[in-house]
Each structure stands twice: as C-alpha cells, then as structure tokens.
Amino acid sequence: MFVYRYIRALTIIQTLTPVPLTVPDLESVEKSDILDAIRAAALIEGKTFIHEWNELRMELDPEDALYVAEHDHYEFAVPQPLTINVGGQEIDLGTVELVMLSARLEAGDDGTLVARPHLNNTIHETFAPDTEPAPGLRLPVRSRPAATDERAT
C-alpha cells in the first residue's frame, strides 16, 4: 500500500519541480521520507491538515514598534518551507501556511514574543505556492485580531 501511495505522491510532486524524480531503492527509503512525500502531495492537491499547538515564539526587531494588547487574541498565519527528501536529495516544493486561529500574546523572558492558544489550539496547514517562507524566528508574517465568538466567552 505504501509503495503505491509513495509512487503516486512522487508523480504529483514531479508536476511542481524541474528536478527529475526517480523512485529510489525502496529498501533504503526511510519511512519518514515516504510519509513526508505523501503529506506534501496531499497538500499540493489542496488538502488541509489540522494539528494542535502549544506555543509559538517570535523574535522581535527592537526597531519594530509593536503594540500588543495582552488581553486580546489574534489569528496568525506563518509560512514555512515545504521540502522533502527523495533518494538523498532535498526537493524544495514551495511554502505551506500554518494558520493559528486564536492566540494570546505575552512577552517572553528572552525578549521574544510568545503566542499561546486561546479559544482553541488548532493549526490549519495548507499549501501556499505564492507565499515566501518566513526567515528564522522572524514570525509571524501576518496577524490580525481573531474573530470573536460571543458564545465562547
């Protein structure tokens, strides 16, 4: 079953990369590489993965003036690179966007800004081919006050 799903995933992934993909020796492929390829293909096809999260630390530039209302909650969208390993070769496929729907912010002890879940702890992960990944801890790229659900308060 994994062999079919892996080869199908590589076929889908090939549509995004100019790098010729060949099926590596399946005896030497790590299970994690197979699962990464299957996940990447599903994202490319438009599927959304939903995960849980605990906290997100963001590095702040001292020159950036940022007012954060600690009593409010925010929605964050964080672009991350999507790469897979095929036969020992790292293949860059673009960007996935991680959207945290509801987070509260607080100052970290180390000068970072810390986001923690508020109304829920889910991340929605989608393929975002026209978005550039964020550099290092310079996150988030986009944020906004989260929608308020009066029933939840």
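In what follows, residues are counted from 1 in the order of the sequence shown.
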Check your understanding: Taking the side chain as C-beta and beyond, is there a heavy-atom pair between Thr83 and Ile91 under 4.5 Å?
Key -> no
Exercise for review: On the 0 to 90° scale, with breaks at 30° and 60°, tag the Tyr74-Phe76 ring pair as parallel, tilted or perpendicular.
Suggested key: tilted
Scan the side chains in residues 9-21 for donor-acceptor partners under 3.5 Å anywhere in the protein, sequence neighbours excluded, and list what turns up.
| residue | atom | partner | partner atom | Å |
| --- | --- | --- | --- | --- |
| Thr11 | OG1 | Ile7 | O | 2.9 |
| Gln14 | OE1 | Leu21 | N | 2.7 |
| Gln14 | NE2 | Thr17 | O | 2.9 |
| Gln14 | NE2 | Val19 | O | 3.1 |
| Thr15 | OG1 | Ile12 | O | 2.5 |
| Thr17 | OG1 | Val19 | N | 3.1 |

Check your understanding: Looking at CG of Leu82 and CD of Glu97, how far apart are the two atoms once the value is rounded to the nearest 0.5 Å?
Key -> 13.0 Å
Review point. If we only count heavy atoms from C-beta on, is the Glu45 to Leu43 side-chain gap below 4.5 Å?
Key: no
Review point. Does any N or O in the side chain of Thr95 come within less than 3.5 Å of the main-chain N or O of Thr131, such that one atom is a donor and the other an acceptor?
Key: yes
Review point. Taking atom NE2 of His124 and atom CD of Glu75, what is their separation to the nearest 0.5 Å?
Key: 9.5 Å
Check your understanding: So how far is it from Asn121 CG to Glu52 CD, rounded to the nearest 0.5 Å?
Key -> 4.5 Å
Please report, to 0.1 Å, the donor-acceptor pairs under 3.5 Å made by any side chain of residues 24-41, with sequence neighbours excluded.
| residue | atom | partner | partner atom | Å |
| --- | --- | --- | --- | --- |
| Asp25 | OD1 | Glu27 | N | 3.2 |
| Ser28 | OG | Asp25 | O | 2.9 |
| Arg39 | NH2 | Glu125 | OE2 | 2.3 |

Exercise for review: Supply the atom-to-atom distance Phe127 CZ to Thr48 OG1, rounded to the nearest 0.5 angstrom.
Suggested key: 12.5 Å
Check your understanding: What are the two closest non-hydrogen atoms of Ser102 and Trp53, and how far apart are they?
Key -> O-CZ2, 4.0 Å
Practice item. Could you pull out all residues at least two apart from Arg116 that satisfy side-chain hydrogen bond (donor to acceptor under 3.5 Å, both in side chains)? Key: Glu55, Glu106
Point to revise | Leu56 and Val78: CA distance, side-chain angles, deciding distance, side chain to side chain contact (heavy atoms under 4.5 Å, CB included) verdict | key: CA-CA 10 Å; Leu56 173 69; Val78 180; 4.0 Å; yes
Exercise for review: Applying side-chain hydrogen bond (donor to acceptor under 3.5 Å, both in side chains), name anything that partners Asn120, two or more places apart in sequence or on another chain.
Suggested key: Thr122
Practice item. For a side-chain contact (heavy atoms from CB on, under 4.5 Å) with Ile123, tell me which candidate from Val99, Leu98, Leu101 qualifies. Key: Leu98
